[in-house]
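Reading through the structure tokens given below for one structure.
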Amino acid sequence: MSVEIKKVETKKDLKKFIEFHYSLYKGNKYDAPNLYSEEVKTLSKDKNSAFKFCEAEYYLAYKDGQLVGRVAAIINHKANQRWNHQRVRFGWIDFVDDIEVSRALLDAVADYGRSKGMNEMVGPLGFTDMDPEGMLMEGFDELGTMATIYNYPYYIKHMEQLGGFEKDNDYVEYKLFVPSEVPEKFAKIADMIQRRYNLRVKGLTKKEVYEGGYGRKLFEVLNEAMKDLYEYSELSDEQIDEYVRMYMPALDLDIVAIIEDGNTGKVVGAGVCVLSLTRALQKCRKGRLWPFGWWHILKVIKFHKSDIVDLLLIGVLPEYRSKGANALLFSYLIPRFYRMGVKWGETHVEMETNGKVQSQWQHLNHELHKRRRCYKKKI
């Protein structure tokens, strides 16, 4: 039988859309399934402030009466304007190993894009850079993170077989082994720039995050630091407030740091890290915290029951990068990782061409262990 594509139109449809991933990856040792409640927030037009500048439709694929795939078609008008193109994004794409299914899903995205005046399809991408992006190409036997996509190896084979898709951007990810002490090079640079430029690194208290406005300042500096990266669309004030409410309460502030310019008081860099929640998320049945998922999450957040740390967001303003400000962050964070019993850290996705970011890992024992790709296709 042919593949039937149905548009998500009801809450029941959205539930099926979200839960398909849990079914397809049930028992997988490497996938980091998102919490169901967070997926609902992100995909609901009345809950995600990105819909102020985005529009989207979601599709389900059926074959022989069985649900066999899903995909989101997203248009980020702010990004299109920023980068001067007319693109429809595909995201949240999952499918069984059947080329007819993947073709039908991506055809649905292309049709939607053309109906809105788009001339190119790109992905996997979300609404913004805060959503997972890039299809995994290498590292299928490496533990995933909650901030990235995990997919089966056959996804890549489908993209190659479908025709018309080509590389638009590749990301790399590194495994960084935590030393027992700060590497001498980091320590020397950190000491020098503190004295020469009057930069200082500090942790944050909950009071500073909320009453002192540092939660907003943290995301504002990350916004500025990442503005020239691939397909980035700057976060609005409303989005920043949303992310502060959503993410800051769940963070262990002992492994969150900022850099301030002592001369101006301006926040010029930030590092947001979290102990890996992947194993805990795998124990949340269909992404639910109840009945026992909350306990597994709590063990990581409160009792540090994880020996992996995810470097979620690391950013320094462009004018301070050449001064070595990143060394300040890692000189502050490495001892904290070690005290927590962290064995290694996982970098977030880095553009393969971003040599300046990757050069900072030379002072640590590291290995490139994942690669992922965003594809594009004329429609």
Side-chain angles (χ1 to χ4, degrees), residues 29-32 129-130 132 134 136 138-139 141-150 171-187 189-190 201 203-204 218 222 225-226 247 250-259 269-282 297 299-316 321 324-352 354-372:
K29 295 190 298 182
Y30 308 110
D31 177 54
D129 269 44
M130 296 298 153
L136 191 65
E138 299 174 13
D141 57 351
E142 298 284 349
L143 191 66
T145 72
M146 63 181 182
T148 57
I149 296 168
Y150 183 83
Y171 295 108
V172 292
E173 295 168 60
Y174 288 84
K175 181 182 288 188
L176 311 174
F177 297 92
V178 177
S180 58
E181 57 185 32
V182 177
E184 184 179 2
K185 188 71 172 180
F186 274 152
I189 294 174
V201 62
L204 298 172
L218 186 152
L222 292 170
M226 296 188 293
Y247 294 121
L251 294 177
D252 184 337
L253 293 180
D254 195 39
I255 50 175
V256 174
I258 62 165
I259 301 173
V272 179
C273 307
V274 62
L275 289 176
S276 174
L277 289 167
T278 300
R279 296 300 188 205
L281 290 168
Q282 290 173 346
I297 300 290
K299 283 196 296 183
V300 175
I301 294 175
K302 295 296 184 183
F303 306 119
H304 302 162
K305 297 297 183 181
S306 177
D307 59 4
I308 305 168
V309 67
D310 295 339
L311 280 59
L312 287 183
L313 297 167
I314 305 288
V316 174
R321 290 173 196 157
N326 279 30
L328 263 182
L329 285 175
F330 288 103
S331 293
Y332 177 89
L333 292 168
I334 286 172
R336 286 161 172 77
F337 296 156
Y338 185 74
R339 287 199 300 270
M340 287 181 171
V342 173
K343 294 180 180 177
W344 55 272
E346 172 89 24
T347 68
H348 197 20
V349 295
E350 303 167 5
M351 292 174 63
E352 65 170 353
N354 198 338
K356 290 183 178 179
V357 169
Q358 290 149 35
S359 66
Q360 66 188 324
W361 311 138
Q362 65 183 306
H363 306 303
L364 296 168
N365 183 9
H366 66 282
E367 62 181 62
L368 195 166
H369 68 146
K370 293 178 189 170
R371 187 179 295 273
R372 56 185 70 245

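FYI, the numbering just counts along the sequence from 1.
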### Query
Are any side-chain N or O atoms of Q358 and backbone N or O atoms of M351, one a donor and one an acceptor, separated by less than 3.5 Å?
yes

### Query
Quick one: NE2 on H369 to CH2 on W344, what's the gap to the nearest 0.5 Å?
5.5 Å

### Nearest heavy-atom neighbours spanning V272 and L222
CG2-CD1, 4.4 Å

### Task
State which residues pass ring pair (Phe, Tyr, Trp, His ring centres under 6.0 Å) with H348; sequence neighbours excluded, sorted by chain then number.
none

### Message
Please find the pair of heavy atoms, one from A325 and one from V316, that lie closest to each other, and give the distance.
### Response
CB-CG1, 3.8 Å

### Query
Checking side-chain contact (heavy atoms from CB on, under 4.5 Å) for the pair V357/N326: CA distance, chi angles, key distance, verdict?
CA-CA 9 Å; V357 169; N326 279 30; 6.0 Å; no

### E181 atom CD, over 12 foreign heavy atoms within 6.0 Å
no

### Query
Is a side-chain N or O of Q282 found less than 3.5 angstrom from the main chain of D31, in a donor-acceptor match?
yes

Output a table of donor-acceptor pairs, distance under 3.5 Å, between side-chain atoms of residues 328-339 and any protein atom two or more places apart or on a different chain; print 'none' if there are none.
residue: S331; atom: OG; partner: F186; partner atom: O; Å: 3.4
residue: S331; atom: OG; partner: A327; partner atom: O; Å: 2.8
residue: Y332; atom: OH; partner: G203; partner atom: N; Å: 3.2
residue: R336; atom: NE; partner: D254; partner atom: OD1; Å: 3.4
residue: R336; atom: NH1; partner: Y332; partner atom: O; Å: 2.9

### Message
I'd like to check the side chain to side chain contact (heavy atoms under 4.5 Å, CB included) partners of K185; sequence neighbours left out, ordered by chain and number.
### Response
I189, H363

### Query
Can you find a pair of side-chain heavy atoms, one from L136 and one from I149, that are under 4.5 Å apart?
no

### E142 vs E346 side-chain heavy atoms within contact, under 4.5 Å
no

### Summary
Sorted by chain and number, sequence neighbours left out, side chain to side chain contact (heavy atoms under 4.5 Å, CB included) with K343 holds for D307

### Query
For T347 and L176, what are the C-alpha separation, side-chain angles and deciding distance, and is it a side-chain contact (heavy atoms from CB on, under 4.5 Å)?
CA-CA 8 Å; T347 68; L176 311 174; 3.6 Å; yes

### Task
Specify the closest pair of heavy atoms between V178 and V342, including all atoms of both residues, with the distance to one decimal.
CB-O, 3.6 Å

### Task
Ignoring hydrogens and angles, tell me if any N or O in the side chain of T148 forms a donor-acceptor pair with the backbone of P132 under 3.5 Å.
no

#### Entry: Shortest non-hydrogen separation from T278 to G144 and the atoms involved
OG1-O, 2.6 Å

### Query
Which atom pair, heavy atoms only, marks the closest approach of L312 to V274?
CD1-CG1, 3.5 Å

#### Entry: Residue pair E350 / W361, side-chain donor-acceptor N/O under 3.5 Å
yes

### Query
Just by modelled atom types, is the S276 backbone N or O under 3.5 Å from a matching donor or acceptor in the S306 side chain?
yes

### Task
For residues C273 and L251, report the shortest heavy-atom separation together with the two atoms involved.
O-CD2, 4.2 Å

### Query
Looking at residues at least two apart in the chain, or sitting in another chain, which of them share a side chain to side chain contact (heavy atoms under 4.5 Å, CB included) with Y30?
N28, D141, Y150

### Query
Under 3.5 Å, is there a donor-acceptor pair between the side chain of K370 and the main chain of L143?
yes

### Side-chain heavy atoms of D252 within contact of I301, under 4.5 Å
no

### Query
Given I297 and L281, is the side-chain contact (heavy atoms from CB on, under 4.5 Å) satisfied, shown in steps?
CA-CA 7 Å; I297 300 290; L281 290 168; 3.9 Å; yes

#### Entry: L368: partners by side chain to side chain contact (heavy atoms under 4.5 Å, CB included), with sequence neighbours left out
V172, Y174, R371

### Query
Between H366 (side chain) and L364 (backbone), is there a donor-acceptor pair under 3.5 Å?
yes

### Inter-residue atom distance I308.CD1 - T145.OG1, 0.5 Å rounding
10.5 Å

### Query
Could E138 and R372 be called an ion pair, given the rule that one side-chain N must be under 4.0 Å from one carboxylate O?
no

